[in-house]
Amino acid sequence: MKAVILLGPPGSGKGTVAEDLKESVHFEHVSTGDMLRSAVKAESPVGLEAKSYMEKGELVPDEVIIKLIEDLLRAGSGDAKYMFDGFPRTVRQAEMLDASLAGYGSRVSAAFLLEVPREVLVRRICGRRICRQCGAVYNIHTKRPAVDGVCDQCGSTDIYQRPDDNEETLNNRLDVYEQQTASLIEFYDRAGVLVRVPAEDRLETEEKILEVFHTV
Ligand code: AP5
């Protein structure tokens with residue numbers, strides 16, 4: 001089993017990078033945010049529990065996330081390769097991942113830290129729009145669909161703004177990142193797997209990650 005991590009604040013481009021890498025690296029993209037949003041939509045027990053935390057920009061309790069990931073790893077094969085996006089977010093989640101990987105004689109190969117100034121994050125997140133049908137991601141400042149309001153990929157006209165992508169909730173998400181997730185930078189630095197990636201230019205970000213990816 002192999003695992004790499006995309007680490008960084010909201011809007012640093014974790015989901016975008018994962019999308020850009022999918023042609024070149026064959027690691028399964030696992031976004032806990034996407035898993036939780038699907039659970040909320042399905043009104044499953046996990047979704048019902050997660051909804052209020054997500055709406056406020058708070059972290060969903062570790063127990064819920066740990067169960068989601070343990071189930072995923074258990075269902076996968078021993079030679080699976082995962083690219084985690086938005087997980088882990090606390091030291092407890094990171095320790096759980098280490099323990100699970102150790103069970104397969106493995107460890108985290110690389111933790112890519114996407115670094116972007118805060119003012120850029122705010123502009124990106126408040127400008128993000130998503131196609132409800134196929135999940136394609138747009139931005140009103142930098143990446144509009146060719147025809148306004150129509151998804152380039154699937155033609156749907158249901159393009160929406162995530163309920164937690166407003167300035168007030170975003171400020172809380174950024175504070176939560178500083179308070180609860182930024183400690184993972186030191187965690188993975190100490191483990192010798194942290195790779196800092198300047199993430200303002202999409203192409204340069206992808207190239208820098210690929211340089212390291214080919215060695216893991
Ligand atoms: P989650 O969905 O993980 O949200 P997040 O971490 O806040 O990250 P985002 O998806 O907002 O940003 P991103 O870095 O992927 O940026 P993107 O590529 O889309 O989590 C949501 C919630 O779920 C959390 O608040 C929490 O409640 C809960 N949760 C999830 N995981 C959890 C866990 N492990 N533990 C506890 N709770 C958990 O890019 C953003 C925008 O910028 C887009 O419009 C994009 O087009 C644009 N953009 C990206 N890169 C560039 C670039 N280089 N140049 C120009 N524009 C760019």
Side-chain angles (χ1 to χ4, degrees), residues 5-22 29-41 46-47 49-70 72 83-97 112-131 135-145 152 159-166 168-182 184 197-209:
I5 290 163
L6 298 174
L7 184 64
S12 54
K14 303 180 293 295
T16 301
V17 162
E19 181 66 24
D20 289 344
L21 291 173
K22 78 175 182 206
H29 175 208
V30 177
S31 157
T32 40
D34 287 347
M35 291 165 88
L36 292 169
R37 278 183 289 279
S38 298
V40 169
K41 195 171 168 197
V46 165
E49 181 167 4
K51 190 167 188 261
S52 62
Y53 294 98
M54 296 175 79
E55 279 171 354
K56 287 181 279 187
E58 307 285 342
L59 292 188
V60 172
D62 281 339
E63 291 68 29
V64 175
I65 303 295
I66 286 174
K67 167 120 185 22
L68 277 182
I69 297 295
E70 280 178 347
L72 174 100
M83 177 162 40
F84 291 107
D85 155 2
F87 170 85
R89 260 175 151 97
T90 62
V91 169
R92 189 155 162 236
Q93 292 179 20
E95 288 171 345
M96 165 265 152
L97 178 62
F112 297 100
L113 172 65
L114 306 185
E115 298 186 299
V116 181
R118 185 164 173 142
E119 62 275 13
V120 177
L121 299 174
V122 175
R123 187 175 150 86
R124 280 189 189 173
I125 286 286
C126 295
R128 173 168 56 187
R129 301 290 183 272
I130 302 170
C131 172
V137 178
Y138 298 98
N139 196 289
I140 58 168
H141 305 296
T142 52
K143 193 176 176 253
R144 287 174 170 275
D152 293 341
I159 295 180
Y160 80 112
Q161 183 171 27
R162 252 169 61 176
D164 58 344
D165 277 357
N166 57 75
E168 193 190 337
T169 311
L170 173 62
N171 279 324
N172 194 34
R173 286 161 62 197
L174 290 169
D175 291 344
V176 165
Y177 175 81
E178 289 301 328
Q179 289 153 12
Q180 298 184 57
T181 306
L184 291 180
V197 183
E200 284 197 69
D201 180 276
R202 202 163 158 173
L203 206 62
E204 282 174 21
T205 306
E206 185 185 356
E207 279 170 8
K208 166 86 181 171
I209 292 181

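Everything quoted here is computed from the prediction, not taken from an experiment. For the numbers below, each heavy atom of this structure counts, side chains included, while hydrogens, waters and symmetry mates do not. Indexing begins at 1, ligand by ligand and atom by atom, following the structure's order.
Set against the non-hydrogen atoms of Gln93, the atoms of ligand 1 under 4.0 Å away are 33 (C), 34 (N), 35 (N), 36 (C). Shown in contact with Leu36 at under 4.0 Å from a heavy atom are these atoms of ligand 1, numbered in order with element: 23 (O), 28 (C), 29 (N), 30 (C), 38 (C). Atoms of ligand 1 lying under 4.0 Å from any heavy atom of Ile65, numbered from 1 in the order shown and given with element: 32 (C), 33 (C), 34 (N), 35 (N), 36 (C). Those atoms of ligand 1 that come under 4.0 Å of a heavy atom in Val137, given as number and element, are 43 (C), 44 (O), 46 (O). Taking every heavy atom of Arg37 and a limit of under 4.0 angstrom, the matching atoms of ligand 1 come to 2 (O), 21 (C). The Gly86 neighbourhood of ligand 1 comprises atoms 31 (N), 32 (C), 33 (C), 34 (N), with distances under 4.0 Å to a heavy atom of that residue. Close approach to Glu58 involves these atoms of ligand 1, each under 4.0 Å from a residue heavy atom: 26 (C), 27 (O). Atoms of ligand 1 lying under 4.0 Å from at least one heavy atom of Ile125, given by number and element, are 11 (O).
More than 12 heavy-atom neighbours from other residues, nucleotides or ligands sit within 6.0 angstrom of NZ on Lys143.
Counting heavy atoms closer than 4.0 Å to ligand 1, residue Tyr138 contributes backbone atoms (N, CA, C, O) but none from C-beta onward.
With hydrogens and angles disregarded, a donor-acceptor distance shorter than 3.5 Å links the side chain of Ser38 to the backbone of Asp34. Listed for the Gln93 side chain is a donor-acceptor partner under 3.5 Å among the backbone atoms of Arg89.
From the protein, the heavy atom lying nearest to atom 8 (O) of ligand 1 is Lys14 NZ, 3.2 Å. The protein non-hydrogen atom at the shortest distance from atom 16 (O) of ligand 1 is Gly13 N, 3.4 Å. The protein heavy atom nearest to atom 23 (O) of ligand 1 is Met54 CE, 3.5 Å.
The side chain to side chain donor-acceptor pair (under 3.5 Å) analysis of residues 11-20, with sequence neighbours excluded, yields the pairs Glu19-Lys22, Asp20-Arg202.
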message = Does Glu200 form a salt bridge (charged side-chain N to carboxylate O under 4.0 Å, His left out) with Arg124? I'd like the steps, not just the answer.
response = CA-CA 11 Å; Glu200 284 197 69; Arg124 280 189 189 173; 5.9 Å; no
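Atom 55 (C) of ligand 1 has its nearest heavy-atom neighbour, among Arg202, Glu204, Arg123, Arg124, in Arg124. Across the listed options Arg129, Arg128, Arg89, Arg128 owns the non-hydrogen atom lying nearest to atom 11 (O) of ligand 1. When the options Asp20, Thr16, Val120 are ranked by their closest heavy atom to atom 45 (C) of ligand 1, first place goes to Thr16. Comparing Gly15, Cys126, Ala50, Ala199 against atom 15 (O) of ligand 1, the shortest heavy-atom distance belongs to Gly15.
Note that CD of Gln179 is 14.0 Å distant from OG1 of Thr90, once rounded to the nearest 0.5 Å. Atom-to-atom distance recorded for His29:NE2 and Leu21:CG is 9.5 Å, nearest 0.5 angstrom. Of the inter-residue distances, the one linking Arg129 atom CZ with Asp165 atom CG reads 8.0 Å to the nearest 0.5 angstrom.
Each of Val60, Val64, Ile65, Leu72 was scored for a side-chain contact (heavy atoms from CB on, under 4.5 Å) with Thr32, with one residue passing: Ile65.
The pair Lys56-Asp175 does not count as a salt bridge, with every side-chain nitrogen at least 4.0 angstrom from each carboxylate oxygen.
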